Asker: 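Below you will find the structure I want to go over with you.
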Amino acid sequence: MMKKITKIALTAGVLVTLLYFAYPLKSFAQEPGNNCVTCHADLDETLALPADQRINDIHFTRGIMCVDCHGGDSQIDHQGDFEAAMDPQKGFVGAISRTEIPQFCDRCHGNANYMKSFNPNIHVDQYQRYKTSVHGQKLAEGDENVAVCTDCHAIHQMRAVNDPASQVYPLHVSDTCGKCHSDDARMQDYGIPTDQVELYKSSVHYEFLEERGDLSAPTCNDCHGNHGAAPPGVDNINLVCGVCHISNKDLFIRSPHFQAFQNMDMPACVTCHSNHEILYTGDFMLKPDDGVCWMCHDVDSEQGRTILAITSEIESLNQLGIKADSLISLAELKGMEVSEYKFELLNLTSKLHIARNLVHSFSLEAIREETRTGRELAETIIEGGNGALAEIGIRRTGLLLSLIFIFLVIIGLYLKIKAIPQNERYNES
Amino acid sequence: MQKIINFISERTKFHVIGDYMKKKTVPQHKHTVWYYFGGITLFLFLIQVGTGILLLLYYRPSADGAFESVQFIVTRVQFGWLIRNVHSWSANLLILTLFIHMFSAFLMKAYRKPREITWVSGVFLLFISLGFGFSGYLLPWNELAFFATKVGTEIFGVIPVVGDWMVRFLRGGEEVTGATLTRFFGFHVAVLPGMITVLLFVHIFMVQIHGNTRPISLENDKNAMPFFPDFLLRDLLAWMIGLALLAFLAAIYPWDIGQKADPFLPAPAGIKPEWYFLFMFQTLKVIPAKILIFDGEVIGIFAFGLAGLFWILVPFLDKNASKGKRSPVFTAIGIIAILYIAIITLLSYTYFN
C-alpha cells in the first residue's frame, strides 16, 4: 500500500516539475506578443506605470503598442535577454526627450494618410500650430519648462478629447493648464500672473461649464487656442469673444468705442468685462457708483449724460417688466387664465435683453427705439393684468349676488317645508 | 292657463303622471337623508348636459384646436370661464354623489327583490359615468390629460387576448394622438349620452314603479312623507345647496387649463389619474410584479373585473336580503369597499405621492 502511494506521489511530482518548466508561470500582466508589458509590470512603481496605465490609453486601444513609439523587440520574453529587447539596433529609442516630443508625436499625428484610418476627420496640423504658439517658440529656443504634448495629454494613459476622464476634456482643461500656469515657481521667469485659473473659476463661463454642465461654455483653449496657444492680441480680443458673442461684437465694431479703444491700446471686451474673471453683467455696470463707464467718462460730460440717459431707459423698462410680471403672477395665482400675457412677458424679456445688448453700440437712439416698443408691450401686459384682477372682483361680486339669491331660495324652500303640517303622516300606499 | 293645461292633458294624458305623483310617498326614517343623493346626482347630471351643450358651441375636437378652443372659451367667451368651471366641478361632484348614492343604496340593501333591475341599471350608470369622466378628461388636450389618458389606456393592454385590440380601439391607433381625441369626443357627446339616456330612463322608471326601499331593520316602520310636495321641496333644497357649492367652487377655485399636450415630451413625474380612478390605479401599482407565475397587473385587472361583476350581481348573490333578512356579510363587504376606496385614495395623495 505504501509503495503504491509513494509511486503516485513521485509521478505527480515529476509531472508538476515538467509542467513548471514547459509552461513558465507568467505575470498577471501577460500580453501575447508584447513582453514589454510583461516585464515592466514586474518592475518598481515608476517603471511599472506604463504597463499599468496602458489599459485606458487610446493608442493601446487602437492597437498601437509600446514598440511603435519606443522601438525595440517586444517578442523577447522577460526571462530572455531584456537588453536584446531594448537594443538600439532594433530601433529602441527609450524615453523621448522633452524637446523632441512634439516632433515625435507628429510622425503619426501629422500624417494624414495614417491618421485617417483611425478618424477621417482628425486634424493633422497640431505640430504646425504648436510651432506658432508661445510654448512652441520657447521650446525651439531651448526652454524645456514649457508645455509639450505629454504635459496636456498625459503619457501612457492618453484618452480621447471627448473622454470625460481626459485631461483635455472641457471640464478639466483649466486644471491642466493650471498645473503650470498656477505654479508661481514655474512661471516666475516669464513675468505673467498665476491667478488665471483662480479668476476663471469665479467667472460665469466656469459656472456654466462646471455647474450647469454646458460644455459649449468657454475654457482656456476656446480663447487661447489649443496647440497654437497664445494670448489674443489687443486688436483681436473682440474677435475671440465674438466667436460666441456675435451680436455684441458686431455692435461694438460699429460703435465709436472700437476705434477709440484701438487708438488707446485698450483691449476691446476685456476693458469692461475682464478676461479670466468674467462675471455676470447687469445694469449696475452702467450706474454711477460702480459702473465701468466711469473709468473713462465723467458724469458731467456729454458722454456721461448719454450714459445716464441709457441707464434710465433700460432701468425704466426693467421696472415696467417687473411690474407686469408681478401683476400677471398675481392674476394667475388667483386663478385667472393669463397664458397669453405670459407669452407676451417672454417677448418683453427679449426686448429688455436686446436693449441691454444695444449698450455695446453706445447709441442712445437705438436703445430708445427698443425701449419704446418694450414700454408699449409692458403697458399692454399691465393693462391685461389689471383687467384680469378686476375680473376677479367682478366674478366674486357675481358669486356673492348669486349666492344671496340661492340662499334666499333655500330660505324660501325651508319656510315652505316648515309650513307644511308635519304631524300628518301617510301610511305607505 | 288652465285651458292650455286641459288641452295638453286631454291629448297626452300627462295628468296620469300628476295623479300618480300626488299619491307617491317616500319612507321617512333616520336614513331618509340618503334618498336625496339620487336626486342630487340627477341634478348635477342635468347641469353637465346644459353646460356641455354650451361648451360644444365653441369646442374644437382636434389636436390643433382643442386646447386653443378651451383657452378661447375661458378668456374670450362671455361667462365661458363660468360654464367651463361649472362643467369641470360638476363632473367631480357628480361622481362623488353617485358613489354616495350607490353605497347608501348598497348598505340599505335597496338592491333586494323586486329592485334588482334598478340596481343593475344603476351599476351600469356608474360605469358610464366613469366613462364620461375618462373621456371628458382628455378633451382639453393639456399635458396632464394627455399622459393620464396614455397611462389609463395602457392598462387595458394587460388584459389577455383582447388587451391590445382594446387599446387600439380606445386610442384609435397605437398611440394617443389627435385620433384619440376625436374618438373620445365622439364617446363623450354621442355614444355615452345615448347609453345613459336609456339607462337613466330605465333606472328612474323602476324607482317610480317600486318606490324607495326601506332598510330591512325598518321594514315595519310605516312612516312616510308624500313625494309631492314634502320630498320634492326637500330635494329642491338639496339641489339649491348643491348649486351654491358649485357656484362657489367655480368662482373661487377655477380649473387650470394647463400646458398644451406635447406627445414628444416625457410624462410629468408622478402623473396620476383623477381621484375617482386613483384607488384602482394605486392598487395596480402596489401589486407585486409577479404573483406566483402570473403577471401582477393581470391579476389586478382580473380582480377588478371580478369585483365589477360581483357588484352587478349583488342582488342575485345576497339571498338573505332577497328574503328580507339581515345580511351582515354584504354589509361588511360594503363597509370594507368604502374604507378601501377612501383610504387608498387618501394615501395616493399623501403616502404614495
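Each chain gets a letter, A, B and so on, in the order its sequence line appears, and its residues count up from 1. Bear in mind the structure is a predicted one, so any value in this text is a computation, not a measurement.
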Asker: Is the CD atom of Gln259(B) crowded by more than 12 outside heavy atoms at less than 6.0 Å?
Answerer: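 Atom CD in Gln259(B) is not crowded, with 12 or fewer foreign heavy atoms closer than 6.0 Å.
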Asker: Check this for me: Lys201(A), atom NZ, are more than 12 non-hydrogen atoms of other residues, nucleotides or ligands nearer than 6.0 Å?
Answerer: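 Correct, the count exceeds 12.
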Asker: Please determine whether side-chain contact (heavy atoms from CB on, under 4.5 Å) holds for the pair Ile410(A) and Ile241(B), giving the CA-CA distance in whole Å, both sets of side-chain angles, and the decisive distance to 0.1 Å.
Answerer: CA-CA 7 Å; Ile410(A) 289 171; Ile241(B) 294 171; 3.8 Å; yes
Asker: If every non-hydrogen atom of Pro254(B) is compared with every non-hydrogen atom of Gly335(A), which pair is closest and at what distance?
Answerer: CG-O, 3.2 Å
Asker: Check the surroundings of atom NE2 in His210(B): do more than 12 heavy atoms from other residues, nucleotides or ligands lie under 6.0 Å from it?
Answerer: yes
Asker: Nearest 0.5 angstrom please: Ile417(A) CD1 to Phe231(B) CZ, how far?
Answerer: 11.0 Å
Asker: Atom CG of Leu236(B) and atom CG of Leu413(A): how far apart are they, to the nearest 0.5 Å?
Answerer: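 So the CG of Leu236(B) and the CG of Leu413(A) are separated by 6.0 Å.
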Asker: Counting only non-hydrogen atoms closer than 4.5 Å, does Tyr253(B) touch chain A with its backbone (N, CA, C, O), its side chain (CB onward), both, or neither?
Answerer: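 Neither; nothing under 4.5 Å.
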Asker: Output the distance between atom CD1 (Ile411(A)) and atom CE (Met240(B)), rounded to the nearest 0.5 Å.
Answerer: 13.5 Å
Asker: Determine which residues belonging to residues 63-85 of chain B lie within contact range of chain A, meaning some heavy atom pair is under 4.5 Å apart, and list them by number or answer 'none'.
Answerer: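 Those residues of residues 63-85 of chain B which have a heavy atom under 4.5 Å from chain A are Gln71(B), Val74(B), Thr75(B), Arg76(B), Trp81(B).
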Asker: Is it the backbone or the side chain of Glu391(A) that comes under 4.5 Å from a heavy atom of chain B, or both, or neither?
Answerer: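 Contact with chain B involves the side chain of Glu391(A) alone.
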Asker: Taking atom OH of Tyr20(B) as the centre, does the number of heavy atoms from other residues, nucleotides or ligands within less than 6.0 Å exceed 12?
Answerer: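 Yes, OH of Tyr20(B) has more than 12 neighbouring heavy atoms, counting only those of other groups under 6.0 Å.
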Asker: Are more than 12 heavy atoms, taken from residues, nucleotides or ligands other than Glu383(A), located less than 6.0 Å from that residue's CD atom?
Answerer: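 Not more than 12 within 6.0 Å, no.
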Asker: Provide the closest heavy-atom pair for Ala251(B) versus Leu399(A) in the form atom of the first, atom of the second, distance.
Answerer: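 Heavy atoms only, the tightest pair is CB-CD2, 3.7 Å.
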Asker: Rounded at 0.5 Å granularity, tell me how far NZ in Lys416(A) sits from CG in Asp230(B).
Answerer: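 Between Lys416(A) NZ and Asp230(B) CG, I get 10.5 Å after rounding to 0.5 Å.
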Asker: At a heavy-atom separation under 4.5 Å, does Phe405(A) approach chain B through its side chain, its backbone, both, or neither?
Answerer: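 Contact with chain B is absent: no heavy atom of Phe405(A) under 4.5 Å.
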Asker: More than 12 heavy atoms of other residues, nucleotides or ligands under 6.0 Å from OH of Tyr280(A): yes or no?
Answerer: yes
Asker: Got a sec: does the CH2 of Trp275(B) have more than 12 other heavy atoms crowding it under 6.0 Å?
Answerer: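 Buried by this count: over 12 neighbours within 6.0 Å.
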Asker: Flag the pair Val409(A) / Leu237(B) as yes when at least one side-chain heavy-atom distance between them is below 4.5 Å, and no otherwise.
Answerer: no
Asker: Using a 6.0 Å cut-off, check whether atom CZ of Phe228(B) has over 12 heavy atoms from anything other than its own residue.
Answerer: no
